[in-house]
Amino acid sequence: MLRSMQAREMTAARQRFQPPIPPGNFLLGHAQHLLHHATDFLLEAHHKYGDIVQLKLGPRTAFALFHPEHVYQVLVKRRENFTKQARGYQKLRRIVGNGLVTSEGEFWLRQRRLAQPAFAPQRLAGFASTMVTATDEVTRAWHASAKTNQQVNIAAQMMHLTLRIVGETLLGTDVTGEAHDVGACLTLVLEETSRRIHTPWDFQEKIPTPTNRRFDQALARLDQAVHRIITERRKQPGTGDDLLSLLMAARDDETGQQMTDQQLRDEVMTFFLAGHETTAVALTWTWYLLSKHVDVRRRVEEEADRVLGGRLPTIDDVPKLAYTKLVVQESMRLYPPVWGIARLTAKDEQLGDLFIPARSPVLLVQYVTHRHAEFWANPEGFESER
């Protein structure tokens, strides 16, 4: 009787609300839209159809959710039923393995406990000096370029800068000597992974095309670099104060276990990507917005002059740079380095009037949520004092 009633309720829920489906390709559905202009497409879908839309990705049906309440339900309140088994995470695991971004459950909790001490405030203070030194060298080079009116590719410069910083703070070594090689490999595997996420047919990855061969070679090159550093560090334990050394020394309080080389590799690759590419993207968009809003740029400069007085910053100065923090936050509201987060329902789910069948991909789109007119006045505007 109870099961029968539940089944009828589920059927009624399905009939009560069917999310709209934007126009798409007959075979590929919306896959091409997501691959080539995802943010514009999803923002337009939100404007036309509301807070929930259905997406067709080849043979699969996904649900794009745009309201903050959806984010809370999926990532917090009902997170046990929204797993990291979505297609995007499956593709990302090819690069980062089972690191903190892709793992979940008890394994994730154990890895988080092991990594947590490495991010204590006193540890971050030590990393800050490395960041300042590297950034100071970049700005000095910019001054030299400005004197001769040379153009600077900000995106490339930020990639190079964050690669150097993550190499020194994470691995205890300056990888800028091989930055072109490592950076190019990172860029290639990220771009190809993005393409694979939005391509409905997995069989294409098994065909030995030039693109697939380049992907495999780039990933092998990254693996080789990371494993080499781990192996060298194993020979000299306790010699560094970088993140890798801290992870190698960490022990689980409950089990006494340490990370294996494979776990170290996965976490290093995770932090490499999280600390390199996404940070560079956030910085690049911030520079872009400052170039378009001269009044904001001048206020940032005035605050830096007032707080620093011409000296290099320290970590103690960060709380005093309050306006600069607002600018960076507003930049990341408009241009979040990662525009969406995917989950997969473990079982049938009911979110308000929305029925989501088991094994359905769910896409949270922060790029759109950050522009939700219900919560943001002038959502497309760059207002630094929000």
Side-chain angles (χ1 to χ4, degrees), residues 6 8-22 24 30 33-34 38-57 60-89 100-102 104-105 108-109 112 197 278 282 326 328-383 385-386:
Q6 290 175 335
R8 286 198 298 270
E9 289 175 0
M10 282 293 187
T11 300
R14 295 187 202 196
Q15 295 172 347
R16 188 161 59 242
F17 177 63
Q18 284 295 323
I21 305 174
H30 304 104
H33 294 297
L34 295 176
T39 53
D40 289 342
F41 165 69
L42 291 167
L43 188 62
E44 182 179 0
H46 169 59
H47 288 159
K48 285 185 177 180
Y49 304 108
D51 284 327
I52 305 172
V53 298
Q54 287 189 72
L55 301 176
K56 298 297 182 180
L57 307 175
R60 292 180 296 275
T61 297
F63 296 85
L65 311 178
F66 305 125
H67 197 280
E69 179 61 25
H70 299 148
V71 179
Y72 172 70
Q73 293 290 331
V74 172
L75 296 185
V76 182
K77 189 172 183 179
R78 307 172 75 88
R79 64 183 181 276
E80 294 82 4
N81 197 30
F82 293 90
T83 72
K84 294 181 180 180
Q85 300 305 311
R87 180 180 177 82
Y89 282 96
L100 280 170
V101 168
T102 52
E104 52 190 336
W108 172 85
L109 183 60
R112 189 174 188 270
I197 290 172
T278 54
L326 292 176
V328 174
Q329 288 178 325
E330 177 69 348
S331 171
M332 293 183 69
R333 180 190 71 82
L334 281 173
Y335 301 110
V338 177
W339 57 260
I341 300 172
R343 290 292 188 268
L344 193 75
T345 51
K347 59 183 179 180
D348 289 351
E349 180 62 68
Q350 189 76 38
L351 289 182
D353 291 340
L354 175 63
F355 172 80
I356 307 177
R359 304 294 299 171
S360 294
V362 173
L363 184 61
L364 305 175
V365 189
Q366 50 264 36
Y367 182 90
V368 175
T369 304
H370 291 180
R371 289 167 162 76
H372 203 297
E374 185 178 340
F375 303 93
W376 306 100
N378 186 24
E380 293 287 351
F382 178 63
E383 297 185 2
E385 292 189 88
R386 287 186 191 271

Candidate list Thr369, Val53, Asp51, Leu351, test side-chain contact (heavy atoms from CB on, under 4.5 Å), partner Leu65, passing option: Leu351
Gln329 CD: over 12 foreign heavy atoms closer than 6.0 Å: yes
Side chain to side chain contact (heavy atoms under 4.5 Å, CB included) assessment of Val338 paired with Gln366: CA-CA 8 Å; Val338 177; Gln366 50 264 36; 4.1 Å; yes
Out of curiosity, [X] [atom1] to [Y] [atom2], how far, rounded to the nearest 0.5 Å?
X: Arg359; Y: Arg60; atom1: CZ; atom2: CZ; value: 11.0 Å
X: Tyr89; Y: Glu104; atom1: OH; atom2: CD; value: 9.0 Å
X: Ile21; Y: Tyr49; atom1: CD1; atom2: OH; value: 10.0 Å
X: Leu364; Y: Gln73; atom1: CG; atom2: CD; value: 11.5 Å
X: Leu363; Y: Leu42; atom1: CG; atom2: CG; value: 6.5 Å
X: Arg78; Y: Glu80; atom1: CZ; atom2: CD; value: 9.5 Å

Looking only at atom types and distance, does a side-chain atom of [X] sit under 3.5 Å from a main-chain N or O of [Y], one as donor and one as acceptor?
X: Arg343; Y: Asn81; result: no
X: Ser360; Y: Thr345; result: no
X: Gln54; Y: Pro19; result: yes
X: Asp348; Y: Pro357; result: no

Full working for side chain to side chain contact (heavy atoms under 4.5 Å, CB included) between His70 and Leu354: CA-CA 11 Å; His70 299 148; Leu354 175 63; over 6 Å; no
Would you call [X] and [Y] a side-chain contact if the rule is heavy atoms closer than 4.5 Å?
X: Ile356; Y: Gln350; result: no
X: Arg386; Y: Asn378; result: yes
X: Trp376; Y: Glu383; result: no

Exercise: identify the closest heavy-atom pair between [X] and [Y]:
X: Ala282; Y: Ser331; value: O-OG, 4.0 Å
X: His370; Y: Arg333; value: O-NH1, 2.7 Å
X: Glu380; Y: Leu43; value: OE2-CD2, 3.2 Å
X: His30; Y: Leu55; value: ND1-CA, 3.5 Å
X: Ala346; Y: Ala358; value: O-CB, 4.1 Å

His372 and His46 aromatic ring geometry - parallel, tilted or perpendicular at 30°/60° bounds: tilted
Phe382 six-ring face occupied by Arg371 cation (under 6.0 Å, within 45°): no
Phe82 and Leu344: CA distance, side-chain angles, deciding distance, side chain to side chain contact (heavy atoms under 4.5 Å, CB included) verdict: CA-CA 5 Å; Phe82 293 90; Leu344 193 75; over 6 Å; no
Partner set under side-chain contact (heavy atoms from CB on, under 4.5 Å) for Thr39, not counting sequence neighbours: Trp339, Tyr367
Centroid separation Phe66 to His47 less than 6.0 Å: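 No, ring centres 6.0 Å or more apart.
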Worked verdict on Val74 versus Ile341 for side chain to side chain contact (heavy atoms under 4.5 Å, CB included): CA-CA 10 Å; Val74 172; Ile341 300 172; over 6 Å; no
